[in-house]
Novice: 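Please find one structure pasted underneath; my questions will follow.
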Amino acid sequence: EELKINAILHNAALHPKHKKNDIPGFFESTMYVQKFSSNSVLQCCMVNALAPMELTGKLIRHGLTTYTTTDKATITSNSSPLFIVLAVSSWLGSITTKSFAGHYGYSGSKALLNMCIKGLSLEFARNKNGTAVALNPGWMISDITMNTNYHHNKTIVVKTSGGEYTTQQVATQIYTMIQDVAYIKAMNGKFVNVMDRTTHPW
């Protein structure tokens, strides 16, 4: 029997500060309008949003996933295994809660990722055997968050420890979500906070 992919977790991320040392001015060209570079911002969008969508599309198009398309309105949830697409987004991609200036590269790319996942969820809703969910992992310990200040409710919060949750904690929560098929199916088209499963504002 041919094995097919039934779940994808997109977690690639490019934060402009990663290129601070390699490309002088790259970070600033994604942060401030006076130094704005469409090429720099596009690089963030390619890694964080566009490439994941393209990969998803190619896997579906070549029949490598459990997702099936049909013109019949009678398809049932039992017709084929649920195809799950999860994308690790960020609260920085939320337009509703944005309260700080600039940050066009990373925040913009995550907002784009959110819109892509929402659009994909509506495609999946037609056939009822796919679910697409954007995930907010929270303030997780990583190379991105180490020694970083962030804005929360218009207040600058210093997080020198690099985060509140370990990658193992977040990964465990995501794995638990995937195992709960009824839950993850119901979350199609939602932006979910990983650690407590509440929905995050778009």
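Values below: all heavy atoms of this structure, side chains included; hydrogens, waters and symmetry mates excluded.
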Novice: Quick one: does any side-chain atom of S107 pair with a main-chain N or O of L92 as donor and acceptor, under 3.5 Å?
Specialist: yes
Novice: Would you call the rings of F100 and W91 parallel, tilted or perpendicular, taking 30° and 60° as the class edges?
Specialist: perpendicular
Novice: What is the minimum heavy-atom distance between S94 and H200, and which atoms define it?
Specialist: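 Smallest heavy-atom distance, with atoms named: CB-CE1, 3.7 Å.
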Novice: Return the SG to NE2 distance between C44 and H103, rounded to the nearest 0.5 Å.
Specialist: 9.5 Å
Novice: Can you tell me how far apart CG (L113) and CE (M53) are? Round to the nearest 0.5 Å.
Specialist: 8.5 Å
Novice: If you define the side chain from C-beta out and look only at heavy atoms, does anything of T198 sit under 4.5 Å from V192?
Specialist: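 They are not in contact (no side-chain heavy atoms under 4.5 Å apart), so the answer is no.
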Novice: Measure from the side-chain N and O atoms of N136 to the backbone N and O of G138, and report whether any donor-acceptor pair falls under 3.5 Å.
Specialist: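 Such a contact is found between N136 side chain and G138 backbone.
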Novice: Please examine the side chains of T65 and K4, heavy atoms only from C-beta on, and report whether any two atoms are closer than 4.5 Å.
Specialist: no
Novice: List the steps and the verdict of side-chain contact (heavy atoms from CB on, under 4.5 Å) for I84 and L82.
Specialist: CA-CA 6 Å; I84 302 168; L82 185 69; 4.1 Å; yes
Novice: side-chain contact (heavy atoms from CB on, under 4.5 Å) for N193 and T199? Distances and angles first, verdict last.
Specialist: CA-CA 6 Å; N193 294 309; T199 55; over 6 Å; no
Novice: Output the distance between atom NZ (K128) and atom OG1 (T68), rounded to the nearest 0.5 Å.
Specialist: 12.5 Å
Novice: When you measure from the side chain of N188 to the backbone N and O of A132, does any donor-acceptor pair fall under 3.5 Å?
Specialist: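 Checked: pair present.
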Novice: Is D180 salt-bridged to K185, going by a charged N under 4.0 Å from an acidic O?
Specialist: no
Novice: Can the positive tip of K17 be found less than 6.0 Å from the middle of the six-membered ring of F27, inside 45° of the ring normal?
Specialist: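 No.
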Novice: Just wondering, more than 12 heavy atoms not from I95 lying within 6.0 Å of its CD1?
Specialist: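 For I95, atom CD1 is not crowded (no more than 12 foreign heavy atoms under 6.0 Å).
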Novice: What distance separates T176 OG1 from Y183 OH, expressed to the nearest 0.5 Å?
Specialist: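 One finds 11.0 Å between OG1 of T176 and OH of Y183.
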Novice: Please give me the minimum heavy-atom distance between A13 and K110, naming the atom from each residue.
Specialist: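 That closest heavy-atom pairing would be CB-NZ, 4.4 Å.
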Novice: F191 and P201: which non-hydrogen atoms are nearest, and at how many Å?
Specialist: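 Taking F191 first and P201 second, the nearest heavy atoms are CD2-O, 3.5 Å.
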Novice: Should the heavy atoms of other residues, nucleotides or ligands under 6.0 Å from NZ of K190 be counted, would the total exceed 12?
Specialist: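 No, NZ of K190 has 12 or fewer neighbouring heavy atoms, counting only those of other groups under 6.0 Å.
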Novice: Could you check S37 against S29 for side-chain hydrogen bond (donor to acceptor under 3.5 Å, both in side chains), going step by step and ending with a plain yes or no?
Specialist: CA-CA 5 Å; S37 166; S29 71; 4.6 Å; no
Novice: Taking Q173 for its side chain and V170 for its backbone only, find out whether a donor-acceptor pair lies under 3.5 Å.
Specialist: no
Novice: If the condition is salt bridge (Lys or Arg N to Asp or Glu O under 4.0 Å), which residues does E54 pass it with, not counting sequence neighbours?
Specialist: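 E54 satisfies salt bridge (Lys or Arg N to Asp or Glu O under 4.0 Å) with K58 once adjacent residues are dropped.
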Novice: For residues N48 and H15, determine if any side-chain heavy atom of one lies less than 4.5 Å from a side-chain heavy atom of the other.
Specialist: no
Novice: Are side-chain N/O atoms of N129 and T66 paired as donor and acceptor at under 3.5 Å?
Specialist: no
Novice: One pair to check against side-chain contact (heavy atoms from CB on, under 4.5 Å): V88 and L9. What are the steps and the verdict?
Specialist: CA-CA 7 Å; V88 178; L9 174 63; 3.8 Å; yes
Novice: Is there a side-chain contact (heavy atoms from CB on, under 4.5 Å) between I174 and L86? Walk through the geometry before answering.
Specialist: CA-CA 9 Å; I174 293 174; L86 303 178; 3.9 Å; yes
Novice: How many angstroms lie between CD in E28 and CZ in F36, if you round to the nearest 0.5 Å?
Specialist: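 That separation rounds to 14.5 Å.
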Novice: Rounded to the nearest 0.5 Å, how far does CD1 of I5 lie from CZ of F83?
Specialist: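 Separation between the atoms: 7.0 Å.
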Novice: Between Y67 and F124, is the ring pair (Phe, Tyr, Trp, His ring centres under 6.0 Å) condition met? List the steps.
Specialist: CA-CA 9 Å; Y67 183 70; F124 283 174; 4.7 Å; yes
Novice: Side chains of residues 114-121: which donor-acceptor partners sit under 3.5 Å, not counting sequence neighbours?
Specialist:
residue	atom	partner	partner atom	Å
N114	OD1	S89	OG	2.7
K118	NZ	G189	O	3.3
S121	OG	K118	O	2.6

Novice: Side chains of V33 and Y104: closer than 4.5 Å at any heavy-atom pair?
Specialist: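 Yes; the side chains approach each other to less than 4.5 Å.
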